[in-house]
Structure formats: C-alpha cells, structure tokens
Asker: 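First the structure, which I've put down as structure tokens, then a few questions once you've had a look.
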Amino acid sequence: MPWAGGAAYYAAWSHGPSADPSFFPLAVWLQSPSRAAAYAGIGMNLYIGLWQGPTEVQLADLATAGMPALAHQNATGLASANAAVLRGWTQEDEPDNAQPDGSGGYDPCIDPGVIQGLYDDMVAADATRPVYLNFGRGVAHEDWVGRGTCTGHLEHYPLYAQGADIISFDIYPMNSAAPVYGNLWYVPLGVDRLQEAVGRSKPVWVWIETGKFGSSGTAPTPEQVRAEVWMALIHGAMGIGYFVHQFEPTFVEAALLADPTMSAAVAALNATISELAPVLNTQSSAHAVTVTSSNTAVPVDVMVKRYGGATYLFAVAMRAGATEATFEVTCLPAAATATVLDERRVVPVVAGSFNDHFSDYEVHLYRIE
C-alpha cells in the first residue's frame with residue numbers, strides 16, 4: 001500500500017513539520033497570517049505560501065497564532081527571530097504548467113532540471129527544513145491544454161519530484177469544465193500518479209476545492225468535499241490542503257471563512273482527520289480486505305489500518321450511483337461490530353464479512369472492535 005513513513009518521515013529535518021503521530025497536515029493556501037487563529041479554529045494546522053513573503057510581520061503574526069508555515073526561502077525567513085514557525089520551503093508553484101512570458105503569451109513548462117537546481121540551492125542554504133513542490137491539474141488530466149507544449153508529458157513528474165521532499169497537486173472537479181467536471185475520481189487518480197512518480201518514497205499531498213472560485217463549474221457540496229478528501233486519503237495522500245479563494249464575481253481571499261455552511265463542514269472533516277491522525281500515520285494492511293460491489297459501475301475503494309487493538313476500514317464509492325458493497329476482512333474474530341464513525345450506527349460483522357450501502361461518492365469510515 002502507499003507509504004512514506006507517516007509523520008515519522010519529517011523527523012529527518014530538525015525544523016520540519018511535526019513528526020508526532022498525532023499530526024496530520026491540514027493546510028490552507030496563500031492566506032493572510034492575520035487569519036491564522038480563525039483557520040486554527042476550523043482545524044487547520046499549516047499555512048502554505050505567504051504573499052510576497054515571508055516578511056517579518058507575517059512571521060510574527062504566525063508565531064503569535066502558533067501556526068506553522070511552508071514558504072518561499074528568502075533572507076528574512078532564514079534569519080528571522082521567528083524562523084521557528086517556518087517548517088519548510090516552497091518551490092515554484094505549478095512548474096509543470098505553461099509559464100506566462102510577460103507579453104500575454106506563454107512559454108513552455110519549467111524544465112525539471114531547473115527545479116532540481118533550485119532544490120539544491122535551498123538545501124545548501126538550509127538543510128534543516130524539507131522542500132515542498134506543488135503541481136497543476138495536468139497530473140490527473142493529462143490532456144489539459146494548460147501545460148502548453150508540455151501537455152501529456154507525464155514522464156516529467158518523476159524528474160520534477162527529484163526537486164522536492166514533499167509533493168502535491170491540485171485539481172478541482174466541480175470548478176472545472178468537461179471532461180473533469182463532476183468526476184471526483186480525478187483527485188485520487190492524481191494521488192496514484194504522483195505516488196508512482198516518487199516510487200512511494202515521499203509523501204503526496206493534495207489540494208481540495210471548497211467553493212466556486214471562477215467562471216467554470218459549480219460550487220461543491222459539503223458531501224462532495226468530504227468525498228474528495230477521503231478518496232485522496234484512501235489512495236494514500238498524507239496531507240490535505242484546502243483552496244479557499246474566490247475570484248469571481250468579486251475577489252474574496254478567505255471565501256471559506258465567509259461561508260458558514262462549508263466552514264462548519266470542513267471543521268467537522270478536519271476534526272475527524274485529526275482524531276484519526278495516529279491511525280492514518282500507520283502503514284496500511286496490505287491484502288487485508290476483499291470488496292465486492294453489487295453495481296460494477298460503482299466500484300468501492302478501501303484502506304485498512306490496524307491501530308490500538310482495532311481494525312479501521314475506510315471506504316468510498318468511486319463513481320456516482322448506488323451500490324451495495326460486501327467487505328471480507330482478514331484476521332477478525334468470528335463475530336464483531338463495525339462502528340460507522342460520524343454516523344451514529346453500527347454494522348454487524350459475521351465471519352469477517354459485512355455489507356453496507358453507498359451512493360454518489362459516499363464515504364463510510366468503520367472501526368471494527
């Protein structure tokens with residue numbers, strides 16, 4: 001199963017993200033540090049990106065809020081009295097996309113060798129923090145024209161990944177046009193591809209949409225956001241980031257905080273992930289479950305973890321539509337009970353087998369005692 005050591009991976013850097021097994025990265029992108037306390041209030045534990053920074057004021061605000069960050073490496077960040085709040089350095093964002101040429105046109109994507117060189121420079125300046133690199137939607141949607149002359153060149157990603165210690169990508173199915181629109185499974189597809197790019201040796205994170213931010217698509221529902229997150233986690237993502245901006249009809253930097261319904265849904269989602277962090281940070285049990293879906297057009301994907309004397313089985317329907325899933329789990333007693341987390345119900349387990357209903361990318365999280 002996908003594995004990069006869980007939180008223990010970060011122990012290689014003395015000023016990196018927390019290596020405590022109770023830590024699971026839950027991030028927001030390019031937000032004002034003045035809002036750090038508000039984001040902490042809905043379960044965020046990491047900032048990624050600081051606009052035209054890091055500046056001393058930004059770092060001081062983050063330190064006051066106790067919010068760690070990954071940011072561009074500059075002289076201020078290297079020398080600041082508040083440098084302890086910095087837990088990693090960020091590479092050029094989305095180097096796999098076509099790059100603006102400054103004249104209204106586009107140059108090709110950044111050569112992977114350039115990214116590798118930038119990585120060497122950052123490590124030479126500070127080897128105590130990991131380097132983070134984010135890619136665009138071309139990871140999952142290989143025909144996306146936004147990569148320009150680099151479109152379809154998936155072979156670039158293993159080379160880019162040599163220029164980072166943590167990698168991620170973003171794709172927003174509900175905010176996209178066809179063929180991505182509405183197909184939430186593009187999120188785990190990208191996770192799978194990046195894991196292959198790094199040989200499952202580095203953590204893969206993923207960015208999740210939380211609202212309608214442009215002219216395409218529609219706003220995701222809380223249920224769709226939950227599905228995207230858990231599809232990513234079940235496929236082995238080791239960090240979740242939330243894209244929270246709105247660009248149209250007006251610009252709102254912190255649109256998630258301005259949406260009480262989605263903010264509450266993300267807070268609940270983050271609370272569950274944080275509670276399960278010690279479980280998520282353990283290695284998955286390979287070949288521990290067999291799943292049969294009554295509707296072959298709606299496969300159900302699973303991840304199994306063993307922790308604290310319990311078996312955790314996390315499952316998600318990978319397509320829209322309804323199905324009945326049958327789970328056959330190894331190494332269980334003859335009779336057991338599966339508590340469905342966050343749903344206030346239980347499912348009987350007989351001879352290691354149980355059934356449950358799924359519809360439209362539905363997620364069920366089971367703890368089997």
Side-chain angles (χ1 to χ4, degrees), residues 17 23-53 58 61-62 64-71 85 90 93-94 132 134 136-137 168-176 180-182 184 186-187 190-191 205-233 237 239-277 342 361 363:
F23 171 75
F24 195 91
L26 298 166
V28 287
W29 169 256
L30 211 63
Q31 292 293 290
S32 169
S34 64
R35 296 190 176 96
Y39 281 115
I42 59 171
M44 305 300 180
N45 56 27
L46 188 66
Y47 262 44
I48 299 182
L50 295 172
W51 178 249
Q52 296 183 335
Q58 289 171 336
D61 285 348
L62 290 171
T64 297
M67 178 67 73
L70 311 182
V85 80
T90 56
D93 187 44
E94 298 183 344
Y132 166 85
N134 182 61
R137 62 185 280 177
S168 71
F169 83 106
D170 52 68
I171 192 166
Y172 307 120
M174 299 310 300
N175 278 274
S176 298
V180 174
Y181 175 72
L184 309 187
Y186 274 98
V187 173
V191 173
W205 299 358
V206 63
W207 290 94
I208 303 295
E209 59 196 334
T210 58
K212 188 177 187 301
F213 49 75
S215 58
S216 296
T218 57
T221 65
E223 293 77 17
Q224 288 167 334
V225 169
R226 185 172 187 257
E228 289 184 26
V229 167
W230 277 103
M231 282 193 294
L233 295 173
I240 299 294
Y242 297 96
F243 189 81
V244 301
H245 290 77
Q246 173 187 293
F247 300 111
E248 297 177 358
T250 58
F251 177 73
V252 182
E253 179 188 290
L256 173 61
L257 295 178
D259 181 343
T261 299
M262 186 60 76
S263 184
V266 169
L269 183 55
N270 286 346
T272 297
I273 294 171
S274 294
E275 182 179 353
L276 291 171
D342 297 336
Y361 296 104
V363 177

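No hydrogens, no waters, no symmetry mates; every other heavy atom, side chains included, goes into these values.
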Asker: Go through the steps for L257 and V244 under the test side-chain contact (heavy atoms from CB on, under 4.5 Å), then give the verdict.
Answerer: CA-CA 8 Å; L257 295 178; V244 301; over 6 Å; no

Asker: Does any pair with a residue in residues 38-49 pass side-chain hydrogen bond (donor to acceptor under 3.5 Å, both in side chains), and if so which ones, sequence neighbours excluded?
Answerer: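 Found Q31-Y39.
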
Asker: With a 4.5 Å limit on heavy-atom distance, are the side chains of I273 and V229 in contact?
Answerer: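 A side-chain contact exists here, since the closest heavy-atom pair is under 4.5 Å.
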
Asker: For the residue pair Q224 and T218, establish whether any side-chain heavy-atom pair is separated by less than 4.5 Å.
Answerer: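 No, every pair of side-chain atoms sits at 4.5 Å or beyond.
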
Asker: Quick one: OG on S176 to OH on Y186, what's the gap to the nearest 0.5 Å?
Answerer: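 Atom-to-atom, S176:OG and Y186:OH are 9.5 Å apart.
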
Asker: Is there a side-chain contact between I240 and L269 (heavy atoms, below 4.5 Å)?
Answerer: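 I240 does not reach L269 side chain to side chain.
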
Asker: Could you walk me through whether Y242 and N270 pass the side-chain contact (heavy atoms from CB on, under 4.5 Å) check?
Answerer: CA-CA 11 Å; Y242 297 96; N270 286 346; 2.7 Å; yes

Asker: Please examine the side chains of Y181 and P173, heavy atoms only from C-beta on, and report whether any two atoms are closer than 4.5 Å.
Answerer: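 P173 does not reach Y181 side chain to side chain.
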
Asker: List for me each residue that meets side chain to side chain donor-acceptor pair (under 3.5 Å) alongside T272, sequence neighbours excluded, and say none if there are none.
Answerer: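 T272 satisfies side chain to side chain donor-acceptor pair (under 3.5 Å) with D342 once adjacent residues are dropped.
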
Asker: Applying side chain to side chain donor-acceptor pair (under 3.5 Å), name anything that partners S32, two or more places apart in sequence or on another chain.
Answerer: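 So S32 forms a side chain to side chain donor-acceptor pair (under 3.5 Å) with S34.
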
Asker: Is the backbone of N175 close enough, under 3.5 Å, to the side chain of E209 for a donor and an acceptor to pair up by distance?
Answerer: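 Pair found, side chain donor or acceptor close to backbone of N175.
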
Asker: Would you compute the distance between atom CG of D170 and atom OG of S168 and round it to the nearest 0.5 angstrom?
Answerer: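 Answer for the CG-OG pair, D170 versus S168, is 7.0 Å.
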
Asker: What is the distance from atom CD of Q246 to atom OG1 of T210, rounded to the nearest 0.5 Å?
Answerer: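 Spacing of CD (Q246) from OG1 (T210) equals 10.0 Å.
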
Asker: Check whether any side-chain N or O of N134 sits under 3.5 Å from a backbone N or O of F169 as a donor-acceptor pair, and report yes or no.
Answerer: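 Yes, the answer is positive, given that a donor and an acceptor are paired below the 3.5 Å cut-off.
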
Asker: Excluding sequence neighbours, so at least two apart, what forms ring pair (Phe, Tyr, Trp, His ring centres under 6.0 Å) with F213?
Answerer: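 Counting only residues at least two positions away or on another chain, F213 forms a ring pair (Phe, Tyr, Trp, His ring centres under 6.0 Å) with Y172, F243.
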
Asker: W29 vs W207 aromatic rings, parallel, tilted or perpendicular, using cut-offs 30° and 60°?
Answerer: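 Aromatic pair W29/W207 classed perpendicular.
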
Asker: Under the side chain to side chain donor-acceptor pair (under 3.5 Å) test, which residues partner E275, sequence neighbours left out?
Answerer: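 Counting only residues at least two positions away or on another chain, E275 forms no side chain to side chain donor-acceptor pair (under 3.5 Å).
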
Asker: Scan for side-chain hydrogen bond (donor to acceptor under 3.5 Å, both in side chains) pairs involving residues 248-263, sequence neighbours excluded, and state none if there are none.
Answerer: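 Every side-chain hydrogen bond (donor to acceptor under 3.5 Å, both in side chains) pair that includes a residue of residues 248-263, provided the two are not neighbours, is R35-E253.
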
